[in-house]
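One structure coming up, written as structure tokens, with questions to follow.
We use all heavy atoms of the structure for the numbers below, so side chains are in, but hydrogens, waters and symmetry mates are not. Along the sequence shown, the residues carry numbers beginning at 1.
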Amino acid sequence: MAASETVTESDHLKSLIISTASALWEDKDALGKFLNVVRRSETFAPLADTLEQSEVRPAKPSFYGVTSREFQE
């Protein structure tokens, strides 16, 4: 049961990261600072790298297979 709770928490954080990156997309300075903070976590550093390298605004978290919906419109 604990493993599923960890996955759920991870999905919530991924959803928050993706949604925040999308909201900050137009402000590249703020986006860069946010992604640098995200990179401090080894778990989410690859996600931050992927989002920063993208040339288009991130899609909704569900596009990336994230099941959490709490931060979606």
Side-chain angles (χ1 to χ4, degrees):
M1 185 83 98
S4 65
E5 290 175 8
T6 301
V7 171
T8 301
E9 182 177 332
S10 178
D11 275 352
H12 290 305
L13 289 173
K14 284 179 188 176
S15 181
L16 178 60
I17 291 166
I18 294 166
S19 295
T20 303
S22 181
L24 293 174
W25 192 255
E26 299 300 323
D27 186 346
K28 296 300 183 186
D29 288 337
L31 177 63
K33 289 176 185 176
F34 172 71
L35 293 176
N36 284 336
V37 171
V38 172
R39 281 191 190 91
R40 293 180 188 164
S41 164
E42 292 179 19
T43 305
F44 297 108
L47 176 61
D49 292 342
T50 300
L51 291 171
E52 188 167 60
Q53 292 170 6
S54 175
E55 294 183 13
V56 295
R57 183 186 299 267
K60 292 199 179 284
S62 58
F63 175 81
Y64 300 96
V66 177
T67 56
S68 174
R69 302 180 70 86
E70 69 181 310
F71 299 106
Q72 296 180 28
E73 295 174 14

Checklist outcome for this item: Across all chains, not counting sequence neighbours, the side-chain hydrogen bond (donor to acceptor under 3.5 Å, both in side chains) partners of Asp49 are Arg39
Next on the checklist: Using every non-hydrogen atom in the two residues, find where Ala48 and Leu35 come nearest and quote the distance to one decimal.
Outcome noted: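 Shortest heavy-atom separation between Ala48 and Leu35 comes out as CB-O, 3.8 Å.
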Next on the checklist: Within this structure, what is the OG1-CD1 distance for the pair Thr50 and Ile18, rounded to the nearest 0.5 Å?
Outcome noted: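 Between atom OG1 of Thr50 and atom CD1 of Ile18 there are 9.5 Å.
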Next on the checklist: Is the shortest side-chain heavy-atom distance between Val38 and Leu47 below 4.5 Å?
Outcome noted: no
Next on the checklist: Rounded at 0.5 Å granularity, tell me how far CD in Glu52 sits from CG in Leu31.
Outcome noted: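 So the CD of Glu52 and the CG of Leu31 are separated by 7.0 Å.
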Item to check | Leu51 side chain near Ile17 side chain, heavy-atom distance below 4.5 Å | outcome: yes
Next on the checklist: Between Ser19 (side chain only) and Ser15 (backbone N and O only), is there a donor and an acceptor less than 3.5 Å apart?
Outcome noted: yes
Item to check | side-chain hydrogen bond (donor to acceptor under 3.5 Å, both in side chains) contacts in which one or both residues fall within residues 22-33, not counting sequence neighbours | outcome: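 Non-adjacent pairs meeting side-chain hydrogen bond (donor to acceptor under 3.5 Å, both in side chains): Glu26-Arg57.
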